[in-house]
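The structure appears right after this line, and notes come after that.
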Amino acid sequence: MATAASASAVPTSTRAAIHVPSWAWVLLVVAVFTLYVLSQENGALLSAPAAEMLHELTHDARHALGVPCH
């Protein structure tokens, strides 16, 4: 008679692999990049005027989320 602990253990050979579609990885990269641009971009990727405009547009939201920007 098997014990409860050994009956609930799943052998490694029968575990199902989790398949993540490639579009999900692309979406994740785009989302992380967007979060970077909206929260931390201070001229590293954008020109100075574009970075300043983005900074001013997202300034209050940055502080509401606790992201320091100056």
Side-chain angles (χ1 to χ4, degrees):
M1 182 171 211
T3 63
S6 65
S8 65
V10 178
T12 57
S13 61
T14 60
R15 289 185 187 164
I18 297 174
H19 175 70
V20 178
S22 58
W23 62 264
W25 292 112
V26 172
L27 184 64
L28 177 67
V29 168
V30 169
V32 168
F33 181 73
T34 301
L35 285 173
Y36 164 74
V37 168
L38 290 178
S39 64
Q40 297 294 326
E41 174 58 41
N42 285 315
L45 298 175
L46 301 175
S47 65
E52 182 67 25
M53 185 174 73
L54 181 64
H55 175 88
E56 292 303 322
L57 288 173
T58 60
H59 187 263
D60 292 337
R62 285 174 154 183
H63 287 299
L65 292 172
V67 177
C69 58
H70 35 102

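For the single chain, residues carry numbers from 1 onward in sequence order. Everything quoted here is computed from the prediction, not taken from an experiment. Values below: all heavy atoms of this structure, side chains included; hydrogens, waters and symmetry mates excluded.
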Next item on the list: Give me the other members of the hydrophobic cluster that L27 sits in, counting Ile, Leu, Val, Met, Phe, Trp and Tyr linked by side-chain heavy atoms under 4.5 Å, directly or via other members.
Entry: W23

Next item on the list: For S22, enumerate each residue passing the side chain to side chain contact (heavy atoms under 4.5 Å, CB included) test, keeping only those at least two apart in sequence or located in another chain.
Entry: none

Notebook entry, point to check: If you link I, L, V, M, F, W and Y whenever their side-chain heavy atoms are under 4.5 Å apart, who else ends up in the same group as L57?
Noted result: M53

Next item on the list: Please name all residues satisfying side chain to side chain contact (heavy atoms under 4.5 Å, CB included) with V20, sequence neighbours left out, ordered by chain then number.
Entry: I18, A24, W25

